[in-house]
Amino acid sequence: MRERLVPHTVAAAVTAVVLAPLALPGYLLRYDMVFVPRQPLGWEVIAPASALPRAVPQDAVVALASQLVPGWLLQRLVLVAILYLAALGAARLVPTERVGVRVVAALGYAWTPYLAERLLIGQWGLLVAYAALPWLVRAALGVRAGRPGSLPRLLLAAAASAITPTGGLLALVVIAVLVPGRYPRAARSAALAVGATLLLNAPWLVAGLVSAGTGRSDPAGVAAFAARAENWAGPLVALAGTGGSWNAQTTPASRAGVLVPLATVLLLAVAGYGVPLLRRRWPPAIVGRFGLLAAGSWLAAAAGALPGGPAVLGWLVAAVPGAGLVRDGQKLLMPYALALAVAVALGAERLADRLAARYGSVTGRVLLVGAALLPVALLPDLAVGAAGRLRPVSWPADWAAVARLVDQRPGEVISLPFQEYQRYGWNRGQVVIDPAPRYLDAPVLIDDTLRVGGLAVAGEDPRAARVRELLATGTPLAAANPRWVLVQRAAGPPPPAAALAGLRVVHDGPELTLYENPAWSAPAPPARPGPVGIAHLLAGMVVIGIGCSGAARVGYRVVASRHASPAEGEGG
């Protein structure tokens, strides 16, 4: 009982400490994390007409889920699941029977710079894949060993990972590397798992193929998204400690500490000390493949900071459609972060045993406690919503009013200021991606140019490029034939009067002004290719199949348990 209860308790404690501000009402809006009261489900979230499908199928999943539960609750459920399942998954993955070692693994994976930086940049979908990874690896080991029920668990973890393209690709790579074995049954299971995971990735793959955009990215983004030094030790050491995010505004202040690189070296040494124990408890082939995944993910994350790496990546993203996925390499660190947590936990176990043999069992326990608390000591500003940086706010009433008007007369919306990320006073000045595409039930054009310091990384959407051209030349936006133009006065200075020529005001609130284009003519509906809908249908069928398989297995266990019960079968 204790072996089961303690990891759950630690996971719950980590979740409560990190997400404490979510006890307050409202929505957490920061960078890429935007939840609205009820996100509409339309073709733009299923298959963007011209933009890259970076939020496919994430936005569609949220839109479906928000039909059942309000957005504020959905956001809390997602974030709680991320923290809780990341900690619990690492605790269950580490091959040990000792509760203290499981706690070291739980905190070593759930209290990391990677999780902190991705949470502060709002990439919750990527963190879903991060939380699913320990369960994915554990299920892959089970499939390889032929343990019953492992394949449905593997595909469930892969389905959660595939909520974003990056997570789906990582799941595919992990399965392809870990599952195949020498035996025919393992080969069949591997083929089935890889095929099903490809289907789970089909929504964004097909949406990207049929998009009107080229799928190629600006090579200038390679330098902008390269791993960044967080202290005196440089970007490679930052990556070794699972940090190094390109965005300095999403890096906890504690990462600049003088002792942080020394602590990273200490963790690497302890991890190396734990590898022999891992080799004794896992099959040698699995340890080698797991190490290959970890090393490969670290090298992929470091590519933009290695000699010659920027040139290769620049050519790749400019020449190969969809290669922009690897531009922000630090997000690929997930397998490395998991391997580090597991190896450090086993290294701490081995050290504790040596100390206990020489100085007594109390000394060994103290070392395990110190190893468990070290991540917290190194990153104290992850607690309490990243030291207060993650706090919920309320949506201004203007947004609901504008949404009702647009819903009554649907048509394309141009959102101004024409920039991808906005700052609002009501959001305490926090940077957040323009929420209009998620709040309004209509196609919304926003600028997909990303500005990093003084560098502008060009976007890929040709429709957005057309609006930029109109604004630059002083041509009225009516020339682009939008039905609506939304001006977010709280986000910046008013647009030029020439841009609004010929439009009439239909809503003028304290935060938002909505203009309608009287000359709007309904364009021909875009051809929504059948393959996109088929891809989503196939992925959905895989998820439903996983759920049915799991339910059938649970039912079988219940029936088997009832028949084996002495009280019913043998009369006590």
Side-chain angles (χ1 to χ4, degrees), residues 12 15-16 18-46 55-85 119-128 131-132 159-160 163-164 384-386 389-408 410 413 415 422 424-428 430-444 486 488 490 507 509-512 514 536 540 543-544 547:
T15 304
V18 173
L19 300 180
L22 289 185
L24 300 172
Y27 295 80
L28 182 58
L29 307 174
R30 185 175 172 88
Y31 282 93
D32 294 343
M33 181 155 46
V34 173
F35 281 77
V36 299
R38 181 179 174 274
Q39 184 168 325
L41 179 63
W43 271 110
E44 279 298 310
V45 304
I46 294 173
V56 175
Q58 175 180 298
D59 279 350
V61 171
V62 171
L64 283 171
S66 65
Q67 311 305 308
L68 304 175
V69 296
W72 66 267
L73 179 57
L74 179 61
Q75 183 179 45
R76 282 158 176 77
L77 291 174
V78 168
L79 295 179
V80 165
I82 288 169
L83 270 295
Y84 189 88
L85 293 176
L119 187 59
L120 284 169
I121 206 171
Q123 292 179 347
W124 64 268
L126 192 66
L127 289 178
V128 168
I163 196 172
T164 64
V384 194
R389 297 167 74 180
L390 302 173
R391 292 180 64 86
V393 297
S394 298
W395 282 103
D398 262 5
W399 280 95
V402 166
R404 284 192 296 271
L405 290 169
V406 172
D407 187 51
Q408 291 167 7
V413 182
S415 180
Q422 313 283 4
Y424 307 108
W426 54 266
N427 194 31
R428 302 192 321 279
Q430 299 278 8
V431 177
V432 64
I433 196 168
D434 193 324
R438 291 175 172 85
Y439 210 116
L440 306 182
D441 190 5
V444 179
L486 176 67
Q488 304 181 45
H507 174 83
E511 304 286 341
L512 306 174
L514 182 65
H536 280 77
V543 174
I544 292 171

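Quick note: numbers below take in every heavy atom, side chains included, and nothing from hydrogens, waters or symmetry partners.
- Note that CD1 of I433 and CD1 of I121 are 10.5 Å apart. Values are rounded to the nearest 0.5 Å.
- Looking only at side-chain heavy atoms (C-beta outward), L512 and Q488 come within less than 4.5 Å of each other.
- When all heavy atoms of P435 and V34 are compared, the closest pair comes out as CB-CG1, 3.9 Å.
- Although no hydrogens or angles enter the test, the distance criterion places a donor-acceptor pair under 3.5 Å between the side chain of N427 and the main chain of L29.
- With sequence neighbours excluded, no residue forms a ring pair (Phe, Tyr, Trp, His ring centres under 6.0 Å) with Y31.
- For the atom pair CG (L119) and CG (L19), the distance works out to 7.0 Å, reported to the nearest 0.5 Å.
- Residues passing the side chain to side chain donor-acceptor pair (under 3.5 Å) test with Y439, sequence neighbours excluded: none.
- Between the side chain of Q67 and the backbone N or O of A63 there is at least one donor-acceptor pair closer than 3.5 Å.
- Within the 4.5 Å cutoff, side-chain heavy atoms of L28 are placed close to those of L79.
- In this structure, W395 and W399 have perpendicular ring planes: the angle between them is above 60°, well past the 30° mark.
- Every residue two or more places apart in sequence or in another chain that forms a salt bridge (charged side-chain N to carboxylate O under 4.0 Å, His left out) with D59 is listed here: R438.
- What you find for V413 and A442 is that their closest heavy atoms are CG2-CB, 4.1 Å.
- At a threshold of 4.5 Å between non-hydrogen side-chain atoms, the residues D398 and H507 count as touching.
- Under the 30°/60° scheme for interplanar angles, the aromatic rings of F35 and W124 are found to be tilted.
- From Q39, atom CD reaches atom CG of L440 across 11.0 Å, with rounding to the nearest 0.5 Å.
- Using modelled atom types, no side-chain atom of R391 and backbone atom of R428 make a donor-acceptor pair closer than 3.5 Å.
- In this structure the side chain of P510 never reaches within 4.5 angstrom of the side chain of W426, judged on heavy atoms.
- Of all the heavy atoms in G125 and I163, the pair that sits closest is O-CG2, 3.7 Å.
- To the nearest 0.5 Å, atom CH2 of residue W72 and atom CG of residue L22 are 11.0 Å apart.
- Shortest non-hydrogen contact noted between P25 and R76 is C-NH2, 3.8 Å.
- Checking each of L85, I82, V80 against T15 for a side-chain contact (heavy atoms from CB on, under 4.5 Å) leaves exactly one that passes, namely V80.
- We find the CE-CG distance between M33 and L127 to be 8.5 Å, quoted to the nearest 0.5 Å.
- Listed for the Q75 side chain is no donor-acceptor partner under 3.5 Å among the backbone atoms of Y27.
- Nearest heavy-atom pair across S415 and V444 is CB-CG1, 4.0 Å.
- Separation of atoms CG (D32) and OG1 (T164) is listed at 11.5 Å; rounding is to 0.5 Å.
- Residues P21 and V18 come closest through the heavy atom pair CD-O, 4.0 Å.
- For the pair D441/V406, no side-chain contact is recorded, criterion being any heavy-atom separation below 4.5 Å from C-beta on.
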